[in-house]
Chemist: 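There's a structure below that I have some questions on.
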Amino acid sequence: MSHFTRSDQLPQEKKAPPTGDLPHDGPHSPNGPPEHARDARDAPDAVATPDAAARAAVPAPDTTATASEQKSAPEQKSAPEEKSTPARPTDHATTPDKATDHAPLPTHGWRARHPAVARAAAWTTTVLAAALVLVTLLLPNDPNRLTLAEFVRIPVEGIAGAALLLLLPQRARRWAAVLAGVVLGLLTLLDLLDIGFVEVLGRGFNVVFDWALLGDGASFLQDSIGRTGTIGVEIAAVLLVLALLVLPALAVVRLSNLMARHATRTAGTTLVLGTAWALSAALGLQIAGAPVASRSTSDLVQARMDGVSATLKDERAFAKEAASDPYHHTPGSNLLTGLRGKDVIFTFIESYGRSAVQDRLMAPGVDATLAKGTERLRAAGYSARSGWLTSATYGGGSWLGHSTFLSGLWIDNQQRYRTVTAGDHLTLTSAFKRTGAWRTVGIMPGVTKSWPEGKFYGLDHIYDSRELGYKGPKFSWSTMPDQYSLAAFERLEHGKPHDKPLMSEIILTSSHNPWAPLPKTIGWDKVGDGSVYNGIEKAGKRPVDVWQQTDKVRTEYGKSIQYSLNSLISYVEKYGNKNTVLVFLGDHQPVAKVSGDHASRDVPVAIVAHDPDVLKRISDWHWTPSLNPGHKAPVWRMDTFRDRFLKAYGSHPGPATTPPASHTGR
């Protein structure tokens, strides 16, 4: 019971006026609610003042006294003008629409004891709700646009939403507010995903097929920061998603209730803001390059809808493109005649991009490695030619670069990758297999589980991380050092007697993000089962230390590229022969933190051979005569390499014919 409540009769000055003088103050009274109730509604959240609480808590005089009580108080009968009347209704019962918008004025609790604090808390909560809604409406999906100017604009969606909420009845208004808040939260989540994907992959988030990449991201985190750290990040991500779904909804509901309590004032404000938006749009007003009249939310929604439609159309168009191949019916006897008898190695170096050889911080070390490597190979009887290829991916998604290079199709998203690997489009590796003249193998240290796409590439055998015999530690994401992968290739395939030359696809992963800790080049006779790397891994740097500063990240990235190049050059020096032909390239540029904003997608590509006739066949390519492509070296799209390579080495599209049994393809 409230400490204001008591059974004493009111003092004379507090008695209710005579019934005849009372105005009608029921739910439909033209005079409206009592003055103190109207004052209370002016705050964002109804808060009882001590005086108001006292008036609400004091009971009205009892008008149902018993007969004996009436006889004992004859003076009350002679004073009909002092007859008590029912207490006036409080604020919460003024109109049917407002009845549930406001709780009854509290008569006890911390609000009654601390009215100033309660009022300040109500205003603060309202301001925070308005700020949250404004941020969700104006948040850009590009990290380069995250500036203060983006958040001081007028969002047309907010104006339209406020007008709609004012027109709706109470129940519909509340449901609309909840729905609007949830939608804003979902759009904000997609904006944050866009920002993350732009930072890492150089493109926005595709709502159709990029969800699967979130699992890959979690696996990468576990390899980089450990299971405990990954669990912490995942918990934080779940909490963020829940907050984005709940907080904007609560904020919109609170603001809609406030607008309903001040409908006239809100309508005027909405009209003023709408007029200001229209004038700003007509005049093209801007703040620091950002238009004052914002419609970013509706534009992003439209862009996402267009993106979904374009994705579905692209899927159908690409399926037709992948099914059409000029080399599809070319018999094996007509393929790769200029490389017969050669051991051909296709090697992808993870994240080896143009930035590695041209950035002011990283290039000196990498360029020196390439220059020395060119001289070392020349001394061993090899020559090299190099150029540039524009990758279909950036910052990650290595498999997209691999499949683009080998298939001759532009594969820049997961759906295209699934489509092409589910078909029988000819790849460079499967072309070697179709001839029947090579044994085809793959060295895949980054593959840690079943990889059904391997059949698409036409490889006779795939050695994944479980088959390479490695007993040493992981180096962050990389399951094993590149030098070990090459040593395993020599032990398992290249160094063994075989009746056919080898065509090999080798993936080198030591230059994979986050570039800490890094392995070191050791003597080939010391590689063994990889346990020698335990001490090297323990002495290496931790990713968390490297990633604190951009220059440190870039420096360690450059060192990783140097390590991979040294391992490959050293392998050719030691184990290559007169029939060795090496084609190596990067799969994509590193993330923007390393390559910088707006970096190109170009990667170096080089062909190394002992036989001069091999390089003579590509003389019309005008590539640079070294491992390091010059600034003026040709730049081709990565998907054009397959056809150029097949043509240079004697392959010509032809009609379907029946090849000899020994050359039967796949």
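Predicted model only: the values in this text are computed from it and were never measured.
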Chemist: Does a side chain donor of either T404 or D639 reach within less than 3.5 Å of an acceptor in the other side chain?
Modeler: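 Side chains of T404 and D639: no pair found under 3.5 Å.
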Chemist: Angle class for the F432/F645 ring planes (parallel below 30°, perpendicular above 60°, tilted otherwise)?
Modeler: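 Correct class here is tilted.
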Chemist: Is it true that the side chains of E350 and H588 contain a donor and an acceptor less than 3.5 Å apart?
Modeler: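 Judged by distance alone, the side chains do pair up.
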Chemist: Does the pair S595 and Y394 meet the rule for a side chain to side chain donor-acceptor pair (under 3.5 Å), with working shown?
Modeler: CA-CA 10 Å; S595 58; Y394 169 91; 2.7 Å; yes
Chemist: Would you mind checking if D314 and R416 are paired as a salt bridge, meaning a charged N to carboxylate O distance below 4.0 Å?
Modeler: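 A salt bridge links R416 with D314.
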Chemist: Distance check, rounded to the nearest 0.5 Å: L627 atom CG versus L377 atom CG?
Modeler: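 The distance works out to 5.5 Å.
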Chemist: Can a side-chain donor-acceptor contact be found between S564 and D482 if the only test is distance below 3.5 angstrom?
Modeler: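 Looking only at side-chain atoms, S564 and D482 do form a donor-acceptor pair, the distance falling under 3.5 Å.
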Chemist: What do the steps show when you test K372 against E375 for salt bridge (charged side-chain N to carboxylate O under 4.0 Å, His left out), and what is the final call?
Modeler: CA-CA 5 Å; K372 292 178 181 178; E375 293 302 320; over 6 Å; no
Chemist: Output yes when D525 and K574 qualify as a salt bridge under the 4.0 Å nitrogen-oxygen rule, no when they do not.
Modeler: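 Answer for the salt bridge query: no.
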Chemist: For Q483, is there any backbone N or O sitting under 3.5 Å from a side-chain donor or acceptor partner on Y563?
Modeler: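 Indeed, once roles are kept as given, a pair shorter than 3.5 Å links the two residues.
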Chemist: So, S570 versus W524: side-chain donor-acceptor pair below 3.5 Å or not?
Modeler: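 Yes - a donor-acceptor pair under 3.5 Å links their side chains.
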Chemist: Quick one: do the T429 and T427 side chains pair a donor with an acceptor below 3.5 Å?
Modeler: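 Yes.
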Chemist: Atom NZ of residue position K593 - does it have more than 12 heavy atoms of other residues, nucleotides or ligands inside 6.0 Å?
Modeler: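 It does: K593 NZ has more than 12 such atoms within range.
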Chemist: I'd like to know if D299 and R304 make a salt bridge, using a cut-off of under 4.0 Å between side-chain N and carboxylate O.
Modeler: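 The answer is no: the pair does not qualify as a salt bridge.
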Chemist: Tell me yes or no: between the side chains of Q414 and W399, is some donor less than 3.5 Å from an acceptor?
Modeler: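 W399 and Q414 do have a side-chain donor-acceptor pair below 3.5 Å.
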Chemist: Have D602 and T390 got a donor and an acceptor in their side chains that come within less than 3.5 Å?
Modeler: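 D602 vs T390: donor-acceptor pair found between side chains.
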Chemist: Do we see a donor-acceptor contact under 3.5 Å between the side chains of S355 and Q589?
Modeler: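 A donor-acceptor contact under 3.5 Å links the two side chains.
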Chemist: Quick one: do D611 and K342 make a salt bridge, cutoff under 4.0 Å?
Modeler: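 Result for this pair is yes, salt bridge flagged.
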Chemist: Aromatic rings Y533 and Y470: how do their planes relate, parallel, tilted or perpendicular, breaks at 30° and 60°?
Modeler: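 It falls in the tilted class, 30° to 60°.
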Chemist: When you check the gap from the basic side-chain N to the acidic O, do D529 and K471 get nearer than 4.0 Å?
Modeler: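 No, this pair does not count.
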Chemist: So, taking the atom named CZ in F405 and the one named CE in M638, what distance separates them when rounded to the nearest 0.5 Å?
Modeler: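 Output value for this atom pair is 7.5 Å.
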Chemist: For residues H494 and Y571, is any side-chain donor paired with an opposing acceptor at under 3.5 Å?
Modeler: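 Judged by distance alone, the side chains do pair up.
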Chemist: How are the rings of F205 and W211 set to each other: parallel, tilted or perpendicular (split at 30° and 60°)?
Modeler: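 Correct class here is perpendicular.
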Chemist: How far does CG of L468 sit from OH of Y463, to the nearest 0.5 angstrom?
Modeler: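 Between atom CG of L468 and atom OH of Y463 there are 9.0 Å.
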Chemist: Whether the N206 and T311 side chains hold a donor-acceptor pair (N or O, under 3.5 Å, no angle test) is what I'd like checked.
Modeler: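 Per modelled atom types, N206 and T311 side chains form a pair under 3.5 Å.
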Chemist: Does a donor on one side chain sit under 3.5 Å from an acceptor on the other, for E493 and H498?
Modeler: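 Short answer, no.
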Chemist: Report the distance from atom NZ of K559 to atom OG1 of T369, rounding to the nearest 0.5 Å.
Modeler: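 Going from the NZ atom of K559 to the OG1 atom of T369 covers 12.0 Å.
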Chemist: N141 and D194: side-chain donor and acceptor closer than 3.5 Å?
Modeler: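 Side chains of N141 and D194: pair found under 3.5 Å.
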Chemist: Please identify each residue that fulfils side chain to side chain contact (heavy atoms under 4.5 Å, CB included) with I235, with sequence neighbours left out.
Modeler: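 With neighbours one apart ignored, the set is I231, L239.
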